[in-house]
Protein chains: 2
Amino acid sequence: MGVNEKKRLSPELREKQIVSEAIAFFADQGFGGQTRELAKRIGITQPLLYRYFASKDALIERVYQDVFVGRWKEDWQAILTERAIPLRERLTRVYREYARVIDNREWVRILILAGMKGESLNRRYLDQVRDKLIEPLCREMRHEAELPSPEDVPLSSQELDIAWSFHGTFIYRGIRKWIYNVPVEGDADAAVDNAISVFLDGFPKTLPRILSGSAAG
Amino acid sequence: MGVNEKKRLSPELREKQIVSEAIAFFADQGFGGQTRELAKRIGITQPLLYRYFASKDALIERVYQDVFVGRWKEDWQAILTERAIPLRERLTRVYREYARVIDNREWVRILILAGMKGESLNRRYLDQVRDKLIEPLCREMRHEAELPSPEDVPLSSQELDIAWSFHGTFIYRGIRKWIYNVPVEGDADAAVDNAISVFLDGFPKTLPRILSGSAAG
DNA sequence: ATATTTGTTTATCGTTTGATAAATAAGATC
DNA sequence: GATCTTATTTATCAAACGATAAACAAATAT
């Protein structure tokens, strides 16, 4: 009895509607959710799904692309590496935005579901995070701590691990909120700022130790 | 053609065998894995599972209990709060052990699967982490930074968030390794030590700002 | 040896579930 | 307004799946 009583949508609109509802549906039920239930939720019959997607897996693949490829901001890397701006401000700008993207039930749950389903779905996304956020961040950490650039001394796995851990604090907050349904700090910006503060005060003492250690070991 | 060709095990042994194999099986396939496949993996028939567990869900519940209740060390909280020992050493002792528990494919994957299945399974475990690790850690952070104890100034959600984030770095490392199958720092102890160093150098400047801020706000 | 108990298998039921083919009907074209 | 196109539905299949009941067989007791 709603507004969308219209039947016979254009293929373009119907497809978008299916994907949009499938994102919410799979985020709720997991990828094990039944196509019949999804169809009911959309208000169409189940076979119609197969007019638009060859298989359930094809629909899942499309859902994944829509959620992750669509929400990545290309300028994050540029901001992160703009040395005219203090690193704290760069991190604040990038990760306040990134935190807003993460702070989304569908995003977090489909990220985790995709991980459990197999490596293939997440591979490209994780490569992107590493190449455009983690490694650039390591480079900036080196610069900040007045240490050799990665060209002179290659990044060690311990350094990458520290950057991943920083990044992970934001992911883990999303997991706590959207998978475990536990209360998290309500002021997202404050949480980001705190994480950045702890990180910026913390890594400059640890990083040189790692570099001198790896030279010895 | 293995060693365990013996049929007709004692109920006790058979049950343990089923649970043990189910842990590995569900960690692999997710909770959607078929009981028939599980039975085949064990080398028994599928109906026999139902002699030992009333339903698939009952088996899953048992799997969860075995993985999480069984591997928690009661003395972690005691170590964490033993102020005769420097905080760095306390954290090192607790989280090197915790990291060893986490660094297990079954542990991480079942943690995540349980989260996706619903809140009920993880509720008790998360309460335990908060009560026995996170809140005690916040208390020690206050003490370390020479700030009022939680009795005088209640813990703010921002403080808890910082402690959860520290904790989360270890969980996230497990997720990267066991769910995303990306290479992580190989020396687990070094990774723990680095995370602790960054944290210990980082939080003492941020914490007072939070407390003065929350008093004002 | 025979009888009894019980761990295990065989056979099977009733749904659920992804997927397909044919029929229908809404909208566009002439 | 008749014809054509195609979005959508109806009907249905075949396999997957959790679960149950009865039959079987390995120990144990008598």
Side-chain angles (χ1 to χ4, degrees), chain A residues 1-64 113-114 116-118 120-121, chain B residues 1-23 25-64 113-114 116-118 121:
Chain A
M1 37 286 241
V3 186
N4 297 354
E5 283 289 320
K6 201 163 72 179
K7 295 200 163 187
R8 231 180 139 78
L9 293 186
S10 74
E12 200 179 2
L13 279 181
R14 183 66 85 194
E15 185 177 315
K16 279 186 183 172
Q17 181 193 33
I18 290 175
V19 173
S20 159
E21 293 283 347
I23 289 172
F25 176 76
F26 286 133
D28 264 1
Q29 317 264 335
F31 292 146
Q34 306 175 22
T35 54
R36 276 173 179 79
E37 268 192 63
L38 168 59
K40 190 190 292 181
R41 174 178 182 139
I42 301 176
I44 60 176
T45 55
Q46 180 247 6
L48 189 57
L49 295 172
Y50 291 85
R51 179 87 176 187
Y52 290 86
F53 298 92
S55 65
K56 188 181 178 183
D57 266 356
L59 175 56
I60 289 173
E61 173 82 27
R62 172 63 184 278
V63 159
Y64 184 87
L113 285 168
M116 288 303 307
K117 187 170 168 62
S120 59
L121 279 177
Chain B
M1 39 291 241
V3 185
N4 298 352
E5 283 289 323
K6 201 163 73 179
K7 294 199 165 189
R8 231 184 137 77
L9 293 186
S10 74
E12 200 179 1
L13 279 181
R14 182 66 84 194
E15 185 177 314
K16 279 186 182 171
Q17 181 193 33
I18 291 175
V19 173
S20 160
E21 293 283 347
I23 290 173
F25 176 76
F26 287 132
D28 265 0
Q29 317 264 334
F31 291 146
Q34 307 174 21
T35 54
R36 278 174 176 79
E37 270 193 61
L38 168 59
K40 191 191 291 182
R41 174 179 182 139
I42 302 178
I44 61 176
T45 56
Q46 180 245 8
L48 189 56
L49 295 173
Y50 290 84
R51 180 86 177 185
Y52 289 87
F53 297 93
S55 66
K56 189 181 177 181
D57 266 355
L59 174 56
I60 289 173
E61 173 81 29
R62 172 61 183 279
V63 159
Y64 184 86
L113 286 168
M116 288 304 306
K117 188 169 168 65
L121 279 177

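Throughout, a chain's letter reflects where its sequence line sits, starting with A, and its residues are numbered from 1.
- Residue A:Arg51 places its side chain closer to D:dT6 than to any other of D:dT6, D:dT9, D:dT20.
- You'll find that the side chain of A:Leu48 is closest to D:dT8, out of D:dA19, C:dG7, D:dT8.
- Taking 4.5 Å as the limit, every side-chain heavy atom of A:Thr35 sits out of range of all side-chain heavy atoms of A:Leu59.
- Side-chain nitrogen and oxygen atoms of B:Thr35 include at least one within less than 4.0 Å of the OP1 or OP2 phosphate oxygen of D:dG18.
- When the C1' atom of D:dT8 is taken as reference, atom CD1 of A:Ile42 falls 13 Å away, rounded to whole Å.
- Across the protein-nucleic acid pair, A:Gln29 atom CD and C:dG18 atom P stand 12 Å apart, rounded to whole Å.
- Between B:Ile44 and A:Glu37, the residue whose closest nucleotide on DNA chain C is further toward the 5' end is B:Ile44.
- A donor and an acceptor atom sit less than 3.5 Å apart, one in the side chain of B:Arg36 and one in the base of D:dG18.
- The shortest distance between the side-chain N/O atoms of B:Tyr52 and the OP1/OP2 oxygens of C:dT8 is below 4.0 Å.
- When all heavy atoms are compared, the tightest approach of A:Leu121 to A:Ala114 is CD1-CB, 3.9 Å.
- How far CD1 of A:Ile23 is from OH of A:Tyr64: 12.5 Å, rounded to the nearest 0.5 Å.
- Using a 4.0 Å heavy-atom cutoff across all strands shown, B:Ser10 reaches no nucleic acid atom at all.
- Rounded to whole Å, atom C1' of C:dG7 lies 15 Å from atom CD of B:Glu12.
- Following rounding to the nearest Å, A:Arg8 (CZ) and D:dA7 (C1') show an atom-to-atom distance of 4 Å.
- Across the protein-nucleic acid pair, A:Glu15 atom CD and D:dT8 atom C1' stand 16 Å apart, rounded to whole Å.
- Taking each heavy atom of B:Lys117 and B:Phe31 in turn, the nearest pair found is CD-CD1, 3.6 Å.
- A distance of 4.5 Å separates CD1 in B:Ile44 from CG in B:Leu49, rounded to the nearest 0.5 Å.
- Look at A:Tyr50 and you won't find any side-chain N or O under 4.0 angstrom from OP1 or OP2 of D:dT8.
- Contact of B:Arg14 with C:dT8 (side chain to base): no donor-acceptor pair of N or O atoms is detected under 3.5 Å.
- Taking atom CG of B:Leu13 as the reference point, atom C1' of C:dT8 lies 15 Å away to the nearest angstrom.
- Nearest nucleotide to the side chain of B:Pro11, out of C:dG7, D:dA7, C:dT10: C:dG7.
- Atoms NZ (B:Lys56) and P (D:dG18) sit 4 Å apart, rounded to a whole Å.
- Between the C1' atom of C:dA19 and the CD atom of A:Gln46 lies a distance of 7 Å, rounded to the nearest Å.
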